[in-house]
Amino acid sequence: MSKLNVLLIGSGGREHAIATFLARSPLLGTLTISPGNPGTVSLGENVQSPGNKPELWMPLIKQRSVDLIVIGPEQPLVDGWADYFREQGLAVFGPSKEAAKLEGSKSFSKEFMSRHGIPTAAYQVFGTHNSGSEGEAIDWIRQNGHFPIVLKADGLAAGKGVFICQTLDEAADTLHQYQQNQTLSKAARQIVIEEFMEGEELSVFVLSDGSSWQILQHAQDHKKIGEGDTGLNTGGMGAYAPVPLVNQELLEIIENEIIRPTLDGMRAEGHPYSGVLYIGLMLTNQGPKVVEYNCRFGDPECQVILPTLENDLLELMWAVSQENLHQYTIQTSGKIYTCVVLASKGYPGPYETGFEITGLDLASNDEDTYIFHAGTKEQSGRVITNGGRVLNVISAGNTLQESISNTYKIVDQIHFENEYHRSDIGRKGIRSIKP
Ligand code: AMP
Ligand code: GLY
């Protein structure tokens, strides 16, 4: 097979991880990352984003003779960029606009699950575009709701659209915010009101080429800002993979009750799913139920999943884009990887940036340790903080405990002003195997 020139779209820790493993492939020709970040500079060529419409990317794609486009984040997928590029005759890793609706519209995904008998929380959909419908939602909660109750904006809201409300007053406040808050109101033209599910959360990642699929890996995220899973939701403060709690029996239930009906259902509805499907699950007393679907890799889950892979990532992504996945078998190493996110103090609220980061060189660069950039910038030869989630530190172990302790050894060597990280990443995984 001739070498492949790849364009990777995105700029976060997830994309730094993807670029790292693409760059290891003997199949890789050139790697263009757009916009990329200071961490991806050494892996290919960072090019400024040509803009927020796929047409604007065509000159870059032609100039660099791109063979495969890998789309990292959800927004361009939900906006249909994969369809546009495919219409231009290009190979793409990422689902079509219709398939990305699994993430792009929570009401679509709930109705889809209901049509296909996929276990998920009981729900109702309401409009919020006029105050009358806000009243309908609150009346429904008053009459039928059990607390806590979960309210979700229908559309993409960068992780800020979900509220777990303990009282009727909190629910009324949330409904009001959906209408008043400028960034939320677009995503919340419709809302989903959902039963609260109790249990351990688990993320399962599936590669699908539209006809065949395989589980890539499972992981556990730490969405809350505070120790012990307290405080506000974030994009993710840390993760580990694989999850020791998961055994073959549980995986078979997840495959039979959730993954297969999801992918068969999408195909039957005329929208075969191609790319990576991230299924967020709650392991409830009644078995695993879907919390949400995402149409891309998780961030920071991607940063711990890819190091466990023994396959060539580019070969797999190409196979997915060519509907050829059945020719490969996904193989993982058995090692466990933990990722700790170093954030700017204040995140997910307001925070300051511009602080110099030290220790990036000191941190050992053995083959099982990675430091991925998430929100950094280069300025006069120094790397400075430039976002809420700044760096991802990843290290391996033969057990989860060993992987956690190796990761925190590296974390301790990296410094910047106002740095914040959780010191309990992975601990819940140890607790769940030894209750
Ligand atoms: P989502 O964006 O749908 O993944 O929701 C964000 C987070 O809110 C999830 O990772 C869960 O921690 C929590 N969550 C969402 N839906 C529910 C639910 N029905 N019951 C309990 N927790 C939920
Ligand atoms: N870490 C959660 C997400 O990527 O949605």
Side-chain angles (χ1 to χ4, degrees), residues 10 12-15 17-18 72-75 77-78 100 102-110 113 119-124 145-166 171 174 184 187-188 191-205 217-226 228-241 276-286 288-306 339-341 343 347-348 372 374 388-389 392 422 425 428:
R14 169 180 52 207
E15 286 74 25
I18 295 172
E74 61 276 18
Q75 189 73 57
L77 292 163
V78 168
L102 283 177
E103 172 166 5
S105 165
K106 291 201 190 280
S107 59
F108 170 84
S109 78
K110 295 299 284 192
M113 285 186 264
T120 187
Y123 74 101
Q124 290 283 321
H146 296 280
F147 293 93
I149 198 159
V150 185
L151 271 57
K152 299 184 172 186
D154 183 59
L156 292 185
K160 299 195 169 75
V162 175
F163 294 86
I164 297 171
C165 303
Q166 305 294 336
T174 301
L184 267 183
I191 57 158
V192 172
I193 298 181
E194 195 172 280
E195 162 203 18
F196 178 80
M197 298 185 284
E198 249 172 292
E200 196 75 43
E201 279 190 75
L202 174 73
S203 306
V204 177
F205 294 81
Q217 190 51 286
H218 39 79
Q220 205 169 30
D221 191 10
H222 297 65
K223 284 211 168 80
K224 298 281 198 295
I225 187 72
D229 290 333
T230 53
L232 293 174
N233 259 336
T234 70
M237 294 303 295
Y240 67 92
V276 60
L277 178 66
Y278 159 172
I279 310 180
L281 298 169
M282 193 71 81
L283 304 179
T284 74
N285 292 338
Q286 298 120 39
K289 293 188 181 183
V290 176
V291 178
E292 62 162 352
Y293 293 110
N294 293 304
C295 62
R296 34 84 195 173
F297 275 113
D299 184 344
E301 293 95 320
C302 183
Q303 292 86 309
V304 286
I305 288 172
L306 296 188
C339 168
V340 174
V341 172
Y347 171 80
F372 294 132
R389 293 192 291 174
N392 310 142
R422 275 180 62 168
I425 299 302
K428 61 184 171 187

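Order of listing sets the numbers, starting from 1, for every ligand and every atom in it. None of the values given here were measured: they were computed from a predicted structure.
- Looking at ligand 2, you won't find any N or O of Glu292 less than 3.5 Å from one of its N or O atoms.
- Remark: minimum distance from atom 13 (C) of ligand 1 to any protein heavy atom is reached at Ile164 CD1, 4.1 Å.
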Could you go through the side-chain contact (heavy atoms from CB on, under 4.5 Å) check for Val150 and Val162 one step at a time?
CA-CA 7 Å; Val150 185; Val162 175; 3.9 Å; yes

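- For Glu198, the heavy-atom gap to ligand 1 stays at 4.0 angstrom or more.
- Heavy-atom proximity to Lys106, at under 4.0 Å, picks out these atoms of ligand 1: 1 (P), 2 (O), 3 (O).
- The atoms of ligand 1 that sit less than 4.0 Å from any heavy atom of Lys152 are 3 (O), 15 (C), 16 (N).
- Taking a cut-off of under 4.0 Å to the non-hydrogen atoms of Tyr278, the atoms of ligand 2 that pass are 2 (C), 3 (C), 4 (O), 5 (O).
- Numbered from 1 in the order shown, with element, the atoms of ligand 1 that lie under 4.0 Å from a heavy atom of Met282 read 21 (C), 22 (N).
- Side-chain contact check for Tyr240 versus Ile425: every heavy-atom pair is 4.5 Å or farther apart.
- Closest protein heavy atom to atom 14 (N) of ligand 1: Val291 CG1, 4.0 Å.
- Counting atoms of ligand 2 from 1 in the listed order, those under 4.0 Å from a heavy atom of Gly235 are 1 (N), 2 (C).
- Against a heavy-atom cut-off of under 4.0 Å, Lys223 is close to the following atoms of ligand 1: 10 (O).
- Taking the side chain as every heavy atom from C-beta outward, Glu15 and Pro73 approach each other to under 4.5 Å.
- The CZ atom of Phe108 sits 13.0 Å away from atom CD of Glu103, with the distance rounded to the nearest 0.5 Å.
- Within ligand 2, counting atoms from 1 as listed, the ones closer than 4.0 Å to a heavy atom of Gly298 are 4 (O).
- With rounding to the nearest 0.5 Å, the separation of NE2 in His218 from CG in Leu281 is 11.0 Å.
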Step-by-step side-chain contact (heavy atoms from CB on, under 4.5 Å) determination, Lys428 to Asp229:
CA-CA 9 Å; Lys428 61 184 171 187; Asp229 290 333; 3.2 Å; yes

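- Taking only nitrogen or oxygen atoms, main chain and side chain alike, Glu292 reaches within less than 3.5 Å of ligand 1.
- Between Met113 and Tyr293 there is a side-chain heavy-atom pair separated by less than 4.5 Å.
- Polar contact with ligand 2: absent for Lys223 (N/O pair, distance under 3.5 Å).
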Run the salt bridge (charged side-chain N to carboxylate O under 4.0 Å, His left out) test on Glu301 and Arg14 for me, step by step, so that the C-alpha distance in whole Å, both residues' side-chain angles and the decisive distance to 0.1 Å come before the verdict.
CA-CA 8 Å; Glu301 293 95 320; Arg14 169 180 52 207; over 6 Å; no

Going through the distances and angles, do Tyr123 and Glu194 end up as a side chain to side chain donor-acceptor pair (under 3.5 Å)?
CA-CA 4 Å; Tyr123 74 101; Glu194 195 172 280; over 6 Å; no

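- Under a 4.0 Å N-O distance rule, the pair Glu292/Lys152 does not qualify as a salt bridge.
- The protein heavy-atom contact nearest to atom 7 (C) of ligand 1 is Asn233 ND2, 4.0 Å.
- The side-chain heavy atoms of Thr234 and Leu232, taken from C-beta on, include no pair separated by under 4.5 Å.
- Annotation: Met197 places an N or O atom under 3.5 Å from an N or O atom of ligand 1; distance criterion only.
- Within ligand 1, counting atoms from 1 as listed, the ones closer than 4.0 Å to a heavy atom of Glu194 are 16 (N), 17 (C), 18 (C), 19 (N).
- In this structure, Lys110 does not pair ionically with Asp154, as no charged nitrogen and carboxylate oxygen lie closer than 4.0 Å.
- Looking at atom 5 (O) of ligand 1, its nearest protein heavy atom turns out to be Val162 CG2, 3.5 Å.
- Among all non-hydrogen protein atoms, the one lying nearest atom 9 (C) of ligand 1 is Glu201 OE1, 3.5 Å.
- Contacts between Arg296 and ligand 2 below 4.0 angstrom, taking non-hydrogen atoms only, involve the side chain exclusively.
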